[in-house]
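Just so we're on the same page: letters track the sequence lines, and every chain starts at 1.
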2 protein chains.
Amino acid sequence: MPDMPISRLTTTCSTCAIRNRAICADLNDAEIGLLNGIGRRRTLAAGEQVMWEGDEAVLVANVIEGVLKLSSHSADGKEQILGLVYPSDFLGRPFGETSPYGVEALTEAHICVFERTDFDRFAREHPRLEHKLLERTLAELDRTRRWMVLLGRMNAEQKVASFLLEMAERLGVRAIDGPVRFALPLSRQQIADVLGLTIETVSRQLTRLRNEGAIELPSRREVMLRDPADLEVRAG
Amino acid sequence: MPDMPISRLTTTCSTCAIRNRAICADLNDAEIGLLNGIGRRRTLAAGEQVMWEGDEAVLVANVIEGVLKLSSHSADGKEQILGLVYPSDFLGRPFGETSPYGVEALTEAHICVFERTDFDRFAREHPRLEHKLLERTLAELDRTRRWMVLLGRMNAEQKVASFLLEMAERLGVRAIDGPVRFALPLSRQQIADVLGLTIETVSRQLTRLRNEGAIELPSRREVMLRDPADLEVRAG
DNA sequence: CGGACGGTTGAGAGTTCTCAAGAGAAGTGG
DNA sequence: CCACTTCTCTTGAGAACTCTCAACCGTCCG
């Protein structure tokens with residue numbers, strides 16, 4: 001795994017791909033300039049770990065590009081993925097001592113990193129930023145709670161169908177019920193860890209969806225949703 | 001179900017049981033006075049519904065006493081409880097159009113209610129309050145994610161043992177590994193809805209824990225944890 | 001006393017997991 | 001460029017767990 005270089009931002013935030021979608025969206029030029037001063041851009045290789053479960057929470061970040069996972073382990077060592085983080089999402093645990101989960105890049109990723117203490121101070125001094133962060137956290141809590149329904153009340157087929165639809169949605173490739181094709185940022189094992197299933201069950205469900213014409217699997221890491229409306233029905 | 005009276009706060013916040021634990025904790029006297037002006041105290045009977053899934057989010061509140069549940073339904077009508085809310089917790093969805101879950105009092109409860117729009121305005125004008133709310137929301141998100149591990153990766157025994165321990169913890173009755181006895185605010189069906197199990201499985205697990213000496217069940221709505229350390233082991 | 005309700009218990013079915021083997025793709029070194 | 005290794009994914013068979021359906025028990029209340 002190569003050690004990627006860490007450098008101060010060379011581009012201004014104003015050219016940032018997520019300038020208007022991330023929590024920085026409401027800041028004025030002066031504020032953005034200040035934030036620029038404490039942030040740095042960092043590239044992560046696929047599979048690279050950025051934070052560790054239980055470790056001191058040193059960093060927070062905005063995701064510029066790529067997909068990352070948040071995960072935790074049960075006492076007997078089984079992994080459960082707690083969430084996936086996409087471009088413009090906020091990453092890390094501000095105002096917290098330790099990170100309650102590990103964070104790993106699933107694809108190559110670009111993130112805009114801050115020392116947590118720097119960020120905490122900046123946020124407390126800029127209520128507009130803190131407000132954005134609050135709205136985002138509330139939205140994330142809503143999403144997480146919806147995921148609980150999936151984990152607690154859905155069967156394997158419903159879980160896999162829901163997963164594929166949400167993935168298309170969050171990757172921004174979802175057309176209005178036309179077929180969509182995209183690269184899966186997760187391995188079968190990781191999908192299982194998101195859904196609270198085993199790898200075999202995920203594999204069987206995907207095969208079944210393929211055999212029944214709902215999806216195609218052109219390669220291991222690619223999927224095509226042939227009939228999103230059908231998947232919606234299967235998702236329950 | 002009696003219609004409980006709604007009245008402006010007669011007691012000042014300074015005598016409020018949760019004054020130092022709720023999100024109001026950091027406000028000074030002047031600010032508290034203002035907040036007092038837009039809030040009212042309300043008593044809920046056990047079983048009374050305060051918010052409805054999908055409805056406009058009209059109210060937010062602080063819980064003063066009692067336990068409430070947040071719940072949502074899967075497409076085929078099965079209920080999943082998304083969270084339990086205890087004294088000093090914040091309730092409702094600020095800065096949101098609709099409530100993503102229904103809220104129902106499980107026990108008789110006292111809450112301190114605000115019109116959401118009043119509260120939103122007040123929060124935006126008082127960053128210290130908004131900061132408290134952010135910290136609470138972040139903590140709630142952490143707790144919710146931990147619950148995901150339970151739903152996704154635990155078996156029935158681990159779920160029930162974890163549930164009993166968390167309940168004792170949040171009710172504040174948990175001694176350091178001595179036996180504890182408390183009233184369950186939930187029916188068997190509701191416990192099942194929290195844990196993503198059926199009522200029969202919950203019942204069987206409780207019976208088994210009783211037969212093996214880990215707990216006692218003096219009545220339907222009471223439980224005694226005879227050996228919390230043993231439960232910790234069973235919780236995994 | 002009889003009904004309603006919540007909870008418990010039992011038996012069998014169904015789904016998912018576990019264990020095991022094999023196929024396919026990707027990477028390594030000669 | 002091809003054997004070889006390794007890793008991921010798929011498939012199968014049987015076990016285990018939880019669910020479903022059904023009956024029953026105890027308590028509360030009219």
Side-chain angles (χ1 to χ4, degrees), chain A residues 1-2 45-47 74 76-80 104 106-107 150-164 183-212 215-223 234 236, chain B residues 1 46-47 69 74 76-81 104 106-107 150-164 183-212 215-223 234 236:
Chain A
M1 193 129 324
S74 63
D76 48 343
K78 280 182 286 193
E79 178 163 16
Q80 172 69 47
E104 183 185 317
L106 295 174
T107 63
L150 178 144
L151 288 174
R153 289 293 180 216
M154 288 188 183
N155 63 27
E157 181 181 38
Q158 294 174 313
K159 285 179 176 181
V160 171
S162 300
F163 169 79
L164 292 173
L184 281 171
L186 288 79
S187 69
R188 296 291 188 270
Q189 181 60 60
Q190 289 166 336
I191 296 174
D193 293 334
V194 169
L195 300 178
L197 297 170
T198 58
I199 182 174
E200 295 95 332
T201 300
V202 170
S203 182
R204 279 188 252 269
Q205 291 299 329
L206 286 173
T207 304
R208 188 151 155 257
L209 288 174
R210 174 169 56 69
N211 291 344
E212 297 180 0
I215 64 172
E216 279 178 38
L217 299 166
S219 77
R220 286 183 169 179
R221 286 302 187 108
E222 277 181 306
V223 67
R234 292 172 190 269
Chain B
M1 195 132 318
K69 68 165 192 190
S74 63
D76 47 343
K78 278 180 288 190
E79 177 163 16
Q80 170 70 47
I81 293 186
E104 182 186 318
L106 295 174
T107 62
L150 176 144
L151 287 174
R153 289 296 182 212
M154 289 189 182
N155 62 28
E157 180 181 39
Q158 293 173 314
K159 285 179 176 181
V160 171
S162 299
F163 168 79
L164 292 173
L184 281 172
L186 288 79
S187 69
R188 297 290 188 271
Q189 181 60 60
Q190 289 167 335
I191 296 174
D193 292 336
V194 170
L195 299 178
L197 296 171
T198 57
I199 182 174
E200 295 94 332
T201 300
V202 170
S203 181
R204 279 187 252 270
Q205 291 300 328
L206 286 173
T207 304
R208 188 152 156 256
L209 288 175
R210 173 169 57 69
N211 291 344
E212 296 180 1
I215 64 172
E216 279 178 38
L217 299 167
S219 77
R220 287 182 170 177
R221 286 302 187 108
E222 278 182 306
V223 66
R234 291 173 191 267

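Checking C:dG7, D:dC9, C:dT16 against every side-chain atom of B:Arg188, the shortest atom distance belongs to C:dG7. Checking D:dT18, C:dT8, D:dC9 against every side-chain atom of B:Gln205, the shortest atom distance belongs to D:dT18. Distance from the side chain of A:Arg210 is smallest to D:dT11 among D:dT18, C:dT9, D:dT11. When distances run from any side-chain atom of B:Leu197 to the nucleotides D:dT18, D:dG12, C:dT16, the shortest one goes to D:dT18. Between D:dT10, D:dA13, D:dT18, one nucleotide has an atom nearer to the side chain of A:Arg204 than all others, and that is D:dA13. Taking the side chain of B:Glu200 as heavy atoms from C-beta on, and the options D:dC9, C:dG7, D:dT20, the nearest nucleotide is D:dT20.
In this entry the distance linking CD of A:Gln190 with C1' of D:dT8 reads 12 Å, nearest Å. Atom CG in A:Leu151 sits roughly 17 Å away from atom C1' in D:dT18 (whole-Å rounding). Atom-to-atom, CZ of A:Arg221 to C1' of D:dC9 comes out at 11 Å; the value is rounded to the nearest Å. Nucleotide D:dT18 holds its C1' atom 12 Å from the CZ atom of A:Arg153, rounded to whole Å. In this structure, the CG atom of A:Asp193 is 17 Å from the P atom of C:dT16, given to the nearest Å. In this entry the distance linking CD of B:Gln189 with P of C:dT8 reads 12 Å, nearest Å.
Judged by distance alone, the side chain of A:Ser162 and the main-chain N or O of A:Gln158 form a donor-acceptor pair under 3.5 Å.
A donor-acceptor contact under 3.5 Å is not formed by the side chain of B:Arg208 with the base of C:dT8.
From B:Leu151, atom CG reaches atom CG of A:Leu150 across 10.0 Å, with rounding to the nearest 0.5 Å. In this structure, CG in B:Leu184 is found 11.0 Å from CG in B:Leu106, a value given to the nearest 0.5 Å.
Residue-level contact check: A:Arg220 touches the bases, meaning some heavy atom is under 4.0 Å from a base atom. Residue A:Ser187 is classed as a sugar-phosphate contact, given heavy-atom separations below 4.0 Å to backbone atoms only. Residue contacts for A:Leu206: at a heavy-atom cut-off of 4.0 Å it reaches no nucleic acid atom on any strand shown.
Applying the 4.0 Å criterion to OP1 and OP2 of C:dT9, one finds that B:Thr207 has a side-chain N or O inside that range. The shortest distance between the side-chain N/O atoms of A:Thr198 and the OP1/OP2 oxygens of C:dC17 is below 4.0 Å.
Evaluated for a side-chain contact (heavy atoms from CB on, under 4.5 Å) with A:Arg208, the options A:Arg204, A:Glu212, A:Arg210 yield exactly one hit, A:Glu212.
A salt bridge links B:Arg153 to A:Asp193: at least one charged side-chain nitrogen sits closer than 4.0 Å to a carboxylate oxygen.
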